[in-house]
Amino acid sequence: MNHRVITTMLVALGLAGTAQTAMAQSAAQQKAQEAAAKIDLTDFLQSSSDARSQSFFFGGTQTHPFTVEKAGRYQFRSSTLPGDSDDYRIEATLLDAQGNEIASGSGLGQNDGLTMEQRLEPGDYRLRVSGQKFGTKKTGGNSFVITVSGLDAQGNRLSNDESGVDDGGGIMFGGPGKDGRTTAFVDDEDAVATIAAPRPEATEAASDVAAGATASSGAAATSSGNDEAAAQSGDEEALPEAFDEIVADIAIRQRGEVLSFDVAEAGTVSVTSSTFPGNEGTYRLEARILDESGNVVASDAGEGFEGDFDIETTLQPGRYHIWVKGQKFGSAMSGVNNYTLRVQQLDTQP
């Protein structure tokens with residue numbers, strides 16, 4: 001299936017890696033690199049648009065959709081980066097294509113998080129997840145990963161190739177977020193999404209969210225129920241004609257055209273790259289925006305410890321392509337290997 005439903009989430013993950021030269025590094029950076037080399041980042045280096053594994057921020061309720069191709073028993077697990085605080089709680093509810101609840105479960109970080117198993121028939125499913133982190137932000141870690149795996153007769157997790165979970169593809173969308181914004185996740189360079197300028201209703205929704213954050217605990221409990229109902233409604237929304245932002249997960253060492261997008265109305269468009277904090281100086285990215293004729297209409301490149309690009313330019317209606325060239329300093333086993341490419345239209349112009 002070319003179009004799936006998926007929520008906004010964190011796309012590129014990793015820890016501090018090797019900078020251009022050891023002479024330019026601080027003692028803290030070198031220490032972080034040594035620690036990163038000893039950490040298994042297998043779950044986090046998967047694409048966030050992978051139907052089997054998805055990263056989410058703590059806070060709020062989000063959805064991980066997936067398609068089962070083969071009947072069997074499936075396991076749902078949560079995990080965090082090694083070294084992050086385990087003072088958190090994950091809650092999950094499994095829904096079928098009609099929104100009926102099939103199973104639910106929860107897990108504490110001190111007990112290795114969420115682990116839930118369920119026998120499933122072929123079809124589309126959604127795992128609604130909520131992660132709550134306790135303590136202060138300084139305790140470390142602001143995201144978690146949900147993984148869906150098929151199990152064999154002995155209860156062992158199957159490999160990606162053997163698992164009965166569809167690997168997804170194309171443009172993925174999970175309905176508007178709580179702030180009313182819509183995000184398209186693109187994991188196929190041939191898929192094309194249309195970017196849109198901010199809508200008045202999205203701005204109003206964002207204001208409502210900000211106001212709700214200061215409400216009393218009793219009012220917050222009532223709001224929580226409304227938010228869940230809204231999330232259920234959003235899950236079933238069709239793919240919109242245009243999105244507030246377009247996001248893709250790109251390998252740092254990839255070179256060439258990685259994403260195409262359409263502009264429906266003339267306006268200011270922003271094209272940026274980013275990774276998890278702590279990766280400064282471990283890579284350098286160069287980007288160009290090309291029009292349909294292949295002409296460069298805008299470009300930018302990272303410099304020194306600021307390896308990301310940040311392009312803001314006015315574009316007329318039409319199709320555009322993003323060309324990138326990335327350099328990663330150090331080995332593939334250290335630091336971050338992917339980055340998040342984000343496209344947004346900031347306004348419209350006559």
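For Asp291, the side chain to side chain donor-acceptor pair (under 3.5 Å) test picks out Asn295, with sequence neighbours left out. Listed by chain and residue number, Phe66 satisfy the ring pair (Phe, Tyr, Trp, His ring centres under 6.0 Å) test with Phe76 (two or more places apart in sequence, or in another chain). Listed by chain and number, the residues in a salt bridge (charged side-chain N to carboxylate O under 4.0 Å, His left out) with Glu286 are Arg288 (sequence neighbours excluded). By the side chain to side chain contact (heavy atoms under 4.5 Å, CB included) test, Asp96 is found to be paired with Gln98, Asn100, Ile102, Tyr125, residues two or more places apart in sequence or in another chain being considered.
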Check: residues 307-319 side-chain donor-acceptor pairs under 3.5 Å, at least two apart:
from	atom 1	to	atom 2	distance (Å)
Asp308	OD1	Ser273	OG	2.8
Asp308	OD1	Tyr283	OH	2.8
Asp308	OD2	Tyr283	OH	2.9
Arg319	NE	Asp262	OD1	2.7
Arg319	NH2	Asp262	OD2	3.0

Could you give the side-chain donor-acceptor pairs of residues 104-122 under 3.5 Å, partners two or more places apart or in another chain?
from	atom 1	to	atom 2	distance (Å)
Ser106	OG	Arg89	NH2	3.2
Glu117	OE1	Arg73	NE	3.4
Glu117	OE2	Gln75	NE2	3.2

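Between the side chain of Arg77 and the backbone N or O of Thr147 there is no donor-acceptor pair closer than 3.5 Å. With hydrogens and angles disregarded, a donor-acceptor distance shorter than 3.5 Å links the side chain of Thr182 to the backbone of Asp244.
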Does Ile289 form a side chain to side chain contact (heavy atoms under 4.5 Å, CB included) with His321? I'd like the steps, not just the answer. CA-CA 6 Å; Ile289 300 178; His321 311 278; over 6 Å; no

Please report the C-alpha distance between Phe58 and Tyr88 in whole Å, then the side-chain angles of each, then the deciding distance to 0.1 Å, and finally whether the ring pair (Phe, Tyr, Trp, His ring centres under 6.0 Å) criterion is met. CA-CA 9 Å; Phe58 283 110; Tyr88 64 88; 5.4 Å; yes

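In this structure the side chain of Phe261 reaches within 4.5 angstrom of the side chain of Ile322, judged on heavy atoms. In this structure the side chain of Val186 reaches within 4.5 angstrom of the side chain of Ile246, judged on heavy atoms. Under the 4.5 Å side-chain criterion, counting only non-hydrogen atoms from C-beta, Val269 is in contact with Val343. No side-chain heavy atom of Asn337 sits less than 4.5 Å from a side-chain heavy atom of Ile252. The shortest side-chain heavy-atom distance between Glu292 and Tyr320 does not fall under the 4.5 Å cut-off. Gln349 has its side chain within reach of Thr268: a pair of non-hydrogen atoms, C-beta onward, lies under 4.5 Å apart.
Ser299 and Val296 get closest at one heavy-atom pair: CB-CG1, 4.4 Å.
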